> 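Got a structure for you, written out below as C-alpha cells; questions coming shortly.
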Amino acid sequence: MTHEHIGPDRREGTPAVRAVGLRRRFARSGGVDVLRGVELHADPGEIVAITGRSGSGKTTLLALLSGFDTPDEGTVTFTGEPAADVPWSVCAVLPQALGLAAELTCAENVALPLRLRRTPPDEVETTVTDLLDELGLADLADHYPAELSFGQQQRVALARAVGVRPSVLLVDEPTAHLDPDSAQVVLALLRRVADEGAAIVVVTHDPVVLEVADRRLRLEDGVLVPA
C-alpha cells in the first residue's frame with residue numbers, strides 16, 4: 001500500500017473491502033489448500049463475523065485481506081481499488097501477535113500510526129486520550145507493554161488500530177484474553193467504529209462477539225458459508 005492518507009471512502013453501493021477467489025496453498029505434506037476460492041465483502045458500517053474450527057484458515061484469510069500474506073490466486077480491493085493502490089491507513093489490523101513496540105509507552109504506541117500519518121499534535125493527543133479512556137486504560141497511558149497483562153496489551157493494540165479512523169478494520173479474536181466487562185467495552189468500541197462508517201471483519205470463537213455482528217459466516221473446507 002502507498003503511504004499517503006486519504007479519508008474513508010463511502011461511495012454508495014461499493015463494498016469497503018472485497019475478496020474474490022482467494023486461494024492459499026501451504027507446501028507441507030505435498031501441499032495443503034487452506035483457502036479454496038474465498039468470496040467475501042464487507043460494506044461501510046457493517047460488522048462481519050467469521051467463525052470456524054481452529055486451523056480452518058481464519059487467520060490466513062485476515063492476513064490475505066490485510067496484505068500481510070499474498071494469495072496464490074484471487075484479488076483484494078478496497079472500495080473498488082486494488083489493495084496495492086490504496087494508502088496504508090485505509091486498512092487497520094488487530095492481529096493475534098499484537099506487535100506493540102516494547103520501548104514505547106501505551107500512549108506512544110497508540111500515537112505512532114497517527115504521527116506517521118502526520119496528524120497534528122493536538123489531534124494526536126486528543127485521539128489517544130479519548131481511546132485509552134474509552135477502553136478503560138487511561139491510568140496505564142504511561143506504562144510500557146511489559147507492565148500490562150495480555151488483555152490490556154490487546155486493548156492498547158486495538159486503540160492503535162482504530163486511531164487512524166480506517167475504512168476497514170480486520171480483527172482477530174478481540175475478546176480471547178478479556179474478562180466479560182472488558183469484552184463488552186471492546187465490543188462497544190467496535191460497534192461505534194462501524195456505526196461511524198468503517199467495515200469490520202472479525203474472526204472469533206466467542207458467541208458474545210457474534211451478537212454484535214451484522215452478518216455471520218463460517219469458514220468450512222476452505223470456503224465461506226453462512227453461519
Side-chain angles (χ1 to χ4, degrees), residues 1 3 5-10 16-17 42-50 62-63 65-68 78-79 86-101 104-138 140-141 145 148 150-178 182-204 206 208-209 212-214:
M1 293 184 181
H3 292 272
H5 175 69
I6 59 174
D9 192 329
R10 307 285 186 241
V17 59
D43 296 323
E46 183 179 35
I47 299 178
V48 178
I50 298 175
L62 287 191
L65 295 175
S66 66
F68 290 172
F78 295 96
T79 321
V86 301
W88 61 269
S89 55
V90 164
C91 178
V93 186
L94 176 65
Q96 289 191 35
L98 302 175
L100 295 175
L104 300 181
T105 66
C106 294
E108 289 167 342
N109 267 284
V110 178
L112 182 59
L114 290 161
R115 297 190 188 285
L116 291 174
R117 206 188 64 185
R118 298 189 173 146
T119 304
D122 289 349
E123 183 179 339
V124 172
E125 182 176 357
T126 298
T127 299
V128 171
T129 299
D130 289 350
L131 282 170
L132 291 179
D133 183 62
E134 184 173 0
L135 287 167
L137 300 168
L140 300 175
L148 276 58
F150 191 87
Q152 290 168 333
Q153 292 180 38
Q154 191 175 38
R155 282 180 280 160
V156 171
L158 178 59
R160 178 187 60 186
V162 304
V164 294
R165 297 185 69 247
S167 296
V168 176
L169 178 62
L170 309 176
V171 187
D172 201 345
E173 299 288 2
T175 61
H177 303 278
L178 302 181
S182 296
Q184 288 301 322
V185 168
V186 164
L187 294 178
L189 174 61
L190 293 180
R191 186 71 264 173
R192 176 179 68 77
V193 170
D195 289 345
E196 290 176 356
I200 299 178
V201 179
V202 54
V203 160
T204 186
D206 189 345
V208 175
V209 178
V212 303
D214 300 298

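The residues of the chain are indexed from 1 along the displayed sequence. On a predicted model such as this, the values are computed, not experimentally measured, just so you know.
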> Would you say Arg192 has more than 12 foreign heavy atoms packed within less than 6.0 Å of its CZ?
yes
> Measuring from atom CG of Leu135 to atom CZ of Arg155, what distance do you get when rounded to the nearest 0.5 angstrom?
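Spacing of CG (Leu135) from CZ (Arg155) equals 7.0 Å.
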> Test Val185 against Glu134 for side-chain contact (heavy atoms from CB on, under 4.5 Å), laying out the working first.
CA-CA 8 Å; Val185 168; Glu134 184 173 0; 5.5 Å; no
> Could you give me the CA-CA distance, side-chain angles and deciding distance for Ser167 and Phe78, then say whether side-chain contact (heavy atoms from CB on, under 4.5 Å) is met?
CA-CA 9 Å; Ser167 296; Phe78 295 96; over 6 Å; no
> Taking side chain to side chain contact (heavy atoms under 4.5 Å, CB included) as the criterion, tell me which of Val171, Asp172, Ile50 meets it with Val201.
Ile50
> Hey, are the side chains of Leu98 and Val156 touching, using non-hydrogen atoms and a 4.5 Å cut-off?
no
> Going by the rule salt bridge (Lys or Arg N to Asp or Glu O under 4.0 Å), which residues pair with Asp122 if we only count those two or more places apart in sequence or in a different chain?
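Here no residue qualifies.
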> List for me each residue that meets side chain to side chain donor-acceptor pair (under 3.5 Å) alongside Asp214, sequence neighbours excluded, and say none if there are none.
Arg191
> Measure the spacing between CD1 of Ile200 and CG of Asp43 and express it to the nearest 0.5 Å.
13.0 Å
> What's the separation between atom CD in Gln152 and atom OG in Ser182, rounded to the nearest 0.5 Å?
8.0 Å
> Where do Ala213 and Ala49 come nearest, in terms of heavy atoms and distance?
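Reported closest heavy-atom pair: CB-CB, 3.6 Å.
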> How would you list, by chain and number, every residue that makes a side chain to side chain donor-acceptor pair (under 3.5 Å) with Thr204, sequence neighbours excluded?
none
> Apply side-chain contact (heavy atoms from CB on, under 4.5 Å) to residues Arg160 and Leu100 and explain how you reach the verdict.
CA-CA 9 Å; Arg160 178 187 60 186; Leu100 295 175; 3.6 Å; yes
> Rounded to the nearest 0.5 Å, how far apart are CG of Leu140 and CG of Leu132?
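The CG atom of Leu132 is 8.5 Å from CG of Leu140, to the nearest 0.5 Å.
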> To check you understand the geometry: which heavy-atom pair defines the closest contact between Pro166 and Val162, and what is its length?
CD-O, 3.8 Å
> From the options Leu112, Asn109, Leu114, select the one residue that forms a side chain to side chain contact (heavy atoms under 4.5 Å, CB included) with Val128.
Leu114
> When rounded to the nearest 0.5 angstrom, what distance separates CG in Leu189 from CD in Gln184?
12.5 Å
> Would you name the heavy atoms of Gln96 and Phe150 that are closest together and state the gap between them?
O-CZ, 3.8 Å
> Please round to the nearest 0.5 Å and tell me the distance separating atom OG1 of Thr175 and atom CG of Asp206.
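Output value for this atom pair is 3.5 Å.
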> If I compare all heavy atoms of Leu148 with all of Gln153, which pair ends up nearest, and what's the gap?
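Looking at all heavy atoms of both residues, the shortest contact is O-NE2, 3.3 Å.
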> Considering all heavy atoms of both residues, which atom of Val124 and which atom of Ala111 are nearest to each other, and what is their separation?
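Smallest heavy-atom distance, with atoms named: CG1-CB, 3.7 Å.
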> Can you name the closest pair of heavy atoms from Glu123 and Arg117 and give their distance?
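So the two residues come closest at OE2-NH2, 4.1 Å.
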> Taking it one step at a time, do Leu116 and Val164 satisfy side-chain contact (heavy atoms from CB on, under 4.5 Å)?
CA-CA 10 Å; Leu116 291 174; Val164 294; over 6 Å; no
> If you define the side chain from C-beta out and look only at heavy atoms, does anything of Leu158 sit under 4.5 Å from Pro174?
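No - every pair of side-chain heavy atoms lies 4.5 Å or more apart.
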> Is there a side-chain contact between Leu170 and Cys91 (heavy atoms, below 4.5 Å)?
yes
